[in-house]
Q: 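The following block contains the structure, expressed as structure tokens.
These figures come from a predicted structure and were not determined experimentally. Chain identifiers are assigned alphabetically (A, B, ...) following the order of the sequence lines, protein sequences preceding nucleic acid strands; residue numbering begins at 1 within each chain.
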Amino acid sequence: MTFGKGHHLHLIDGSAYIFRAYHALPPLTRKSDGLPVGAVAGFCNILWNELSRSNGSNGDKAATHLAVVFDHSSRTFRNAIYSDYKANRPEPPEDLRPQFPLTREATRAFNVACLETEGFEADDIIATLARRAVAAGGSCTIISSDKDLMQLVGPGIDMFDPMKSRTIGPDEVIEKFGVPPDRVIDVQSLAGDSVDNVPGAPGIGLKTAALLIQEYGDLDTLLARAGEIRQPKRRDTLIENADRIRISRELVTLQDDTPVDATLEDLEIRLPEADKVMEFLAKMEFRTLTKRVADKLGIAPPSLPETSQLQVTPREEETQSNEEPLPFDHASYVRIRDSATLDRWIARIREVGHVAVDTETTSLDEMQAALVGISLAVDPGQAAYIPLGHTTGGGDLFGATALAPDQLPLADVLAALKPVLEDPAVLKIGQNMKYDWKIFARNGIRITPFDDTMLMSYAMQAGLNGHGMDELADRYLGHQCIPIKSLLGSGKSQITFDKVALDDAVKYAAEDADVTLRLWQLFKPQLHRAGVTTVYETLERPLVPVLAEMEMAGIKVDREVLRGMSNVFAQKLVQLEEEIQSIAGEPFNVGSPKQLGEILFDRMQVPGGERGKTGAYGTGADVLEDVTTLEDSHPQGARLAARVLDWRQIAKLKSTYTDALQQAINPDTGRVHTCYSIAGANTGRLASTDPNLQNIPVRTEEGRRIREAFVAPAGRVLVSLDYSQIELRILAHIADIPELRRAFEEGIDIHALTASEMFNVPLDQMTPEIRRKAKAINFGVIYGISGFGLARNLRIPRAEAQGFIDRYFERFPGIRTYMSDTVKFAQSNGHVQTLFGRKIHTSEINAKGPGAGFAKRAAINAPIQGTAADVIRRAMIRMPAAIAGLDAKMLLQVHDELLFEVAETDVPRLIPVAKEVMESAARPAVALKVHLAVEAGQGPTWAAAH
DNA sequence: GTTATCACG
DNA sequence: GACGTACGTGATAACA
């Protein structure tokens, strides 16, 4: 029968649907082997719904014809127009990939036409068939919610969103784009699309684009009359970018004459062949659907074994009751000592598609560590260790060591593993993968793709517990890992892993891989349920290679500068020490707070000494500063306190910085390589260790000079880019404070503005003193302000501080609302979250006692600090691609600052590019109501760049 | 190993 | 009504 009037074609956007089903549905796996089939299940369901509805043929829009349309591959004719089209599409998740071929198989099993055309997107085929259907006198419904298809909506064509069960007609399109369907292309060409990487006009979003099209009617008219636009910025953008906009139009316009090797008549709905569809559904182990389909077809469902069913990986409590966990058996671990065995393991890894990997080395410092062995696990309880660099116990007369016998050559093993470790189809699983990533990178292997159980735990549990392997194994697997100390010993007699006896090494190392694999199996489905898949996949995991590269790059430190400073400090310390002891009248250890407190408050009888909970006097800088003000009543005490403060400052600079940093210079690279912990801080901030390069002095002139030792090599420069007031900007957005937002938009000094609002002082009469108070309050707010805390910070009476806070809340009531809403949210949910969905647990929030106060303030601070942390993470993740063409390296992150080392000639190109990445980092996930501003500095040293 | 102190954002 | 408070980190030296 010829397709025509009365016929209704349904076109399912298969590729788009798989992604949506994957993200929207719980992660189902096939029980017999754990194959992920969640998206396939969702897909089969809508397919079957389509078929069964059409046969009931009661609905007005019931389909008479049906097809599923897929993208053939990621490269299409659009890449010829614009090579970067869809270039920043992330790789599909690992457990989705095997489901692509299965959905095509499902389509054929249901006897539904399965269409794809090389070089074209599914959208083009859909456009072609929809237009043909209307031309033939029939109608068409597109089963998709993709906005790119909305340009097709019109007489005879509508859309249906299967996830939301809602029809999309011209009204819904206007709601989305602000223009009717026939102008959607114009709006998309202007606004561009960051997901598909359609350029559009910079600075013009959906709103502005719609406004312009509404005013000028269509894109060609708009471009022709661009000169008439009143706003100078928009006018220039449109004139300058006319070509980009025209290219964008070519990209977003769907092609409705795509070659399709099927006629409309071919798409007529037929019932599936019973045996074919049953075979497929049984293979997938979809029990419910198998039964539904069998009922409808009037046949008996094939019997599925009881154990065989879809399973949403059970909750923890069910795991314990339902399934006996496989015990850990160290004896079953394999030591790989010949290439045939290694090849069998590699084959098994490829069969399964994933492998837990762990490395053993001679050092925790990846830049110094030599690879000693590699462990692998593919199935729980089945793990292997490949010793590579173990040495013989004794060593000869000269302490030299020889390689232990019976080990595969390192180079051979790496060569055999490299294809697997770099294979995009094999998922590598690690615990703290950044470590192993660096070890392998130094051996010429770049691990991809990978999962990291430490980061999964962090995404789900930040604030509840630590994320180290031993703790996770104990908590989730009820297993106590072999302590590394039992192999290496501790203290002076500690040995390195290459000296560990092979039998012990196998047990320890293979256990690590086994534990990691089991944790991964447990965490993978939980991630989705906890609602943190996106956080994990966009903010945690992609950071690993970025940080690894930064750490490996290191920063050049001039040892001579530090040595010189250390010498000067040493002399000063001797002088100060003598002076202090002469004031005190007896020798004592100036570095001992206990002795100092006793001298000051007991022997010298300085008033105001307070003992802490350990019984010792407090002698912190704030206490000593108070003592220095007693010049009149107790001049000796005041002098002593002042000298001790000087001594402390210099002792700190010497021991923590000028001495320690010299030690930290890597002898091979001449540079300092810090290590960032991704899962260290609960809020999402990074932490820097070994050494900590996030607390290099800057606030005092003396301290800042240490930054002169951080240098760029000849011909290169250090460039520092830092977010200006990022936390206050985020507060202005989250709490939605119009005055603050406006101040940031207009570039007004935010602390001065706060002062002006609070103390009724006009901006042009602002004094530094009033501004200082307002600044303290602004920071206090971010920290969960209290009268006591502010009073102490400003050294004013508590009542006065409370008065300031009251006035502040009166002036900015939104802040108080934010604070109380946040605390309430934490109390009922046990966590707070950032704008990007990062969850930070607040386990003490409902405790009584002083703990609750801490928890409340932490809860108020966490979304602000955490959102800022997310923003710079996003910037860092995008940075390598953005600066790829430049001779520039990102070296350090200091919470709101990124430090780069750049070839002199590339500085003018780096700054605008990196700045743009940072300023736009929140988008498109979050549209901040306050823009982010980034300030740049450059110079031969970090001191000069800041 | 814990405590006090102080460096950073 | 009293309690004890600014948020988040890491390194060092002293001391138990």
Side-chain angles (χ1 to χ4, degrees), chain A residues 462-463 490-491 588-597 611-624 644-645 647-661 663-664 674-677 680-700 702-704 706-707 722-728 731 776-794 798 801 805 819 832 840 842 848-866 868-869 872 892-897 946:
Chain A
S490 64
F588 72 102
N589 185 349
V590 183
S592 163
K594 185 168 169 271
Q595 291 178 36
L596 174 66
R611 292 180 189 274
K613 51 178 173 258
T614 53
Y617 288 111
T619 65
D622 48 345
V623 176
L624 294 186
V644 171
L645 282 170
W647 185 92
R648 286 238 182 109
Q649 194 199 356
I650 293 167
K652 178 80 172 181
L653 294 178
K654 181 170 186 290
S655 69
T656 310
Y657 300 104
T658 56
D659 286 354
L661 281 172
Q663 297 295 309
T674 186
C675 178
Y676 288 101
S677 36
N682 289 334
T683 52
R685 272 198 181 176
L686 302 179
S688 161
T689 61
D690 306 302
N692 182 353
L693 294 187
Q694 288 182 324
N695 71 346
I696 303 302
V698 72
R699 289 174 186 171
T700 66
E702 287 247 81
R704 192 154 47 234
I706 290 175
R707 296 193 175 213
D722 70 295
Y723 284 107
S724 160
Q725 307 284 8
I726 187 170
E727 293 193 347
L728 275 174
L731 175 71
I777 297 170
N778 275 334
F779 277 104
V781 163
I782 292 174
Y783 298 150
I785 200 160
S786 75
F788 188 95
L790 184 65
R792 209 178 58 164
N793 189 279
L794 285 176
R798 198 172 153 178
I805 295 171
M819 292 173 73
V832 291
I840 299 124
T842 53
K848 45 191 178 112
F854 281 109
K856 279 184 191 172
R857 291 191 297 273
I860 289 164
N861 173 260
I864 302 167
Q865 188 182 115
I872 198 165
L892 301 179
Q893 187 250 44
V894 192
H895 310 308
D896 64 358
E897 171 189 5
H946 204 271

Q: Scan A:Ile785 against the nucleic acid and name what it touches under 4.0 Å (heavy atoms): base, sugar-phosphate only, or nothing.
A: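 If one applies the 4.0 Å heavy-atom cut-off, A:Ile785 turns out to touch a base.
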Q: For C:dA2, give the paired nucleotide (Watson-Crick: N1-N3 plus N6-O4 or O6-N4; G-U: N1-O2 and O6-N3; both under 3.5 Å), or none.
A: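 None - no nucleotide pairs with C:dA2, as no candidate has both distances under 3.5 Å.
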Q: Looking at every strand, decide which applies to A:Ala776 at a 4.0 Å heavy-atom threshold: base, sugar-phosphate, or nothing.
A: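 The answer is base, as A:Ala776 lies within the cut-off (heavy atoms under 4.0 Å) of a base atom.
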Q: Can you figure out which of C:dT5, B:dC8, C:dT9 approaches the side chain of A:Arg699 most closely?
A: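 Within the option list, the nearest is B:dC8.
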Q: Which part of the nucleic acid does A:Asn793 contact within heavy-atom distance under 4.0 Å: base, sugar-phosphate only, or nothing?
A: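 Counting heavy atoms under 4.0 Å across all strands, the contact made by A:Asn793 includes a base.
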Q: Mind checking the P distance from B:dT5 to C:dA6? Whole angstroms is fine.
A: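 Between the two P atoms, the distance is 13 Å.
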Q: Mind calculating the distance between NZ (A:Lys654) and C1' (B:dA7) to the nearest angstrom?
A: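 Rounding to the nearest Å, NZ of A:Lys654 and C1' of B:dA7 are 17 Å apart.
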Q: Under 4.0 Å, heavy atom to any atom of DNA chain B: which of residues 852-861 of chain A qualify?
A: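 Within this stretch, nothing sits under 4.0 Å of the strand.
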Q: Tell me: CZ of A:Arg798 to C1' of C:dC3, nearest whole Å?
A: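 Whole-Å distance recorded here is 10 Å.
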Q: Looking across every strand, which nucleic acid part, if any, lies under 4.0 Å from A:Gly618 by heavy atom: base, sugar-phosphate, or nothing?
A: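 Touches sugar-phosphate only.
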Q: In whole Å, measure the gap between the P atoms of C:dG4 and B:dA4 for me.
A: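 About 15 Å, rounded to a whole number of Å.
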Q: Quick check for you: among B:dC6, C:dT9, C:dC7, whose closest atom lies nearest to any side-chain atom of A:Ala687?
A: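 My answer, after comparing the listed nucleotides, is C:dT9.
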Q: Identify whether any heavy atom of A:Arg792 sits under 4.0 Å from a base atom; if not, whether one sits that close to sugar-phosphate; answer base, sugar-phosphate or nothing.
A: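 Counting heavy atoms under 4.0 Å across all strands, the contact made by A:Arg792 is with sugar-phosphate only.
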Q: When we call it a touch if two heavy atoms are under 4.0 Å apart, what does A:Gly784 touch: a base, just sugar-phosphate, or nothing?
A: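 Here A:Gly784 touches no strand at all.
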Q: For B:dG9 and A:Arg685 - does any side-chain N or O of the residue sit under 4.0 Å from the phosphate oxygens OP1/OP2?
A: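 No, A:Arg685 has no side-chain N/O under 4.0 Å of OP1/OP2 on B:dG9.
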Q: How does each nucleotide of nucleotides 11-16 of chain C score, in 5' to 3' order, for protein heavy atoms under 4.0 Å: base (B), sugar-phosphate only (S), or none (-)?
A: BSSSS-
Q: Indicate, with a heavy-atom threshold strictly under 4.0 Å, whether A:Leu790 touches base, sugar-phosphate, or nothing.
A: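 Base contact.
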Q: Report which part of the nucleic acid A:Arg704 touches: base, sugar-phosphate, or nothing (heavy-atom distance under 4.0 Å, all strands).
A: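 Nothing, no nucleic acid heavy atom in range.
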